[in-house]
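Below is one structure, written out as structure tokens, with a few remarks after it.
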Amino acid sequence: MMTKASHIVVNGSNPIHPTPTALSIPRPITMDTMDINASLNGRESSSYPEDLCPPDNFNMVSTWIYRSSFPKKKNFSFLKKLGLKSILTLILEDYPDQNVKFLKENDITLFQFGIAGNKEPFVQIPDDKICAALAVLLDKRNHPILIHCNKGKHRTGCLIGCLRKLQQWSHTSIFDEYRRFSHPKSRSMDQQFIELFDGREAWKVIDSKWIPDWKTLGHHAGV
């Protein structure tokens with residue numbers, strides 16, 4: 001299922017697009033993390049603008065791609081600063097009215113691929129939805145894009161783990177990142193799904209004409 005709204009216009013400010021550090025494994029950004037960073041910089045956490053509050057588990061995945069928990073109203077000002085064109089959600093439920101309003105007001109496209117949590121032994125993540133979601137992520141016309149589920153941990157972690165396979169990450173690095181963001185409860189079935197995921201199926205639905213200019217993707221596209 002894909003729901004579309006459109007693209008974003010940020011008025012009066014420049015979008016925030018940090019450059020990812022090569023070979024570094026992202027760590028979740030929380031309000032606690034921000035408080036620690038403020039203390040290290042000799043400032044109180046209250047010095048951060050109240051209207052710039054990132055969602056829990058927010059972080060940069062790759063250039064123009066972000067991840068987080070479900071965005072709340074208090075996070076909207078922060079998300080505007082990202083200059084998002086798209087949001088990709090993995091929740092099954094209808095998108096809340098206040099979030100739909102935010103998308104419309106900021107001309108953001110919504111892609112929805114509803115996936116149930118991979119709680120063993122009854123539920124499995126559908127490969128076709130992951131492949132379709134990867135096709136959206138790897139289409140630079142949709143960038144900048146934010147990925148989220150409810151907590152930004154398990155379903156989001158599975159999708160990003162499969163993206164990392166297309167980026168030629170090792171399983172060790174993929175699972176390390178998954179566990180960092182799913183803490184304190186990692187799911188063995190999620191990690192098994194990532195390990196067994198066949199990236200060749202994803203490349204069948206990815207339009208290589210629009211993939212990002214990432215060196216780890218270029219020579220593997222279409223394999």
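Owing to the predicted nature of the structure, the values given are computational and were not obtained by experimental measurement.
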Gap separating the [atom1] atom of [X] from the [atom2] atom of [Y], nearest 0.5 angstrom:
{"X": "N150", "Y": "D56", "atom1": "CG", "atom2": "CG", "answer": "12.0 Å"}
{"X": "I147", "Y": "T89", "atom1": "CD1", "atom2": "OG1", "answer": "10.5 Å"}
{"X": "L138", "Y": "I206", "atom1": "CG", "atom2": "CD1", "answer": "4.5 Å"}
{"X": "I130", "Y": "C162", "atom1": "CD1", "atom2": "SG", "answer": "5.5 Å"}
{"X": "K209", "Y": "D207", "atom1": "NZ", "atom2": "CG", "answer": "5.5 Å"}
{"X": "T109", "Y": "I145", "atom1": "OG1", "atom2": "CD1", "answer": "8.5 Å"}

Run the side chain to side chain contact (heavy atoms under 4.5 Å, CB included) test on F102 and L79 for me, step by step, so that the C-alpha distance in whole Å, both residues' side-chain angles and the decisive distance to 0.1 Å come before the verdict.
CA-CA 10 Å; F102 171 75; L79 296 183; 4.0 Å; yes

If you define the side chain from C-beta out and look only at heavy atoms, does anything of F181 sit under 4.5 Å from T156?
no

Validation row: I174, Q191 side chains within 4.5 angstrom (heavy atoms):
no

Minimum heavy-atom separation for [X] and [Y], please, with both atom names.
{"X": "K81", "Y": "L52", "value": "CG-CD2, 3.8 Å"}
{"X": "I115", "Y": "K129", "value": "CG1-CD, 4.1 Å"}
{"X": "K153", "Y": "Y178", "value": "O-CE1, 4.2 Å"}
{"X": "F197", "Y": "D127", "value": "CD1-OD2, 3.9 Å"}
{"X": "L134", "Y": "A202", "value": "CD1-CB, 3.9 Å"}
{"X": "F193", "Y": "I125", "value": "CE1-O, 3.4 Å"}

Quick one: does [X]'s side chain have a donor or acceptor within less than 3.5 Å of a partner on [Y]'s backbone?
{"X": "N75", "Y": "C53", "result": "yes"}
{"X": "R155", "Y": "I91", "result": "no"}
{"X": "N106", "Y": "I108", "result": "no"}
{"X": "H143", "Y": "L137", "result": "yes"}
{"X": "K165", "Y": "I194", "result": "yes"}
{"X": "S62", "Y": "I65", "result": "no"}
{"X": "N99", "Y": "P71", "result": "yes"}

For D139, give me all partners under side chain to side chain contact (heavy atoms under 4.5 Å, CB included), at least two apart in sequence or on another chain.
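For D139, the residues satisfying side chain to side chain contact (heavy atoms under 4.5 Å, CB included) (neighbours in sequence not counted) are R141, N142, W210.
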
Classify the ring geometry between F175 and H171 as parallel (under 30°), tilted (30 to 60°) or perpendicular (over 60°).
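Rings of F175 and H171: parallel, under 30°.
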
Parallel, tilted or perpendicular, judged at 30° and 60°: which one describes the rings of F70 and Y95?
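Plane angle between 30° and 60°, so tilted.
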
With sequence neighbours excluded, what pairs up with S69 under the side chain to side chain donor-acceptor pair (under 3.5 Å) test?
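Checked S69 against side chain to side chain donor-acceptor pair (under 3.5 Å); zero matches.
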
Is there a chain of hydrophobic side chains (I, L, V, M, F, W, Y, each step under 4.5 Å between heavy atoms) that links V100 to F76?
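Yes, one cluster joins them.
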
Lys/Arg N to Asp/Glu carboxylate O, D176 vs R180, below 4.0 Å
yes

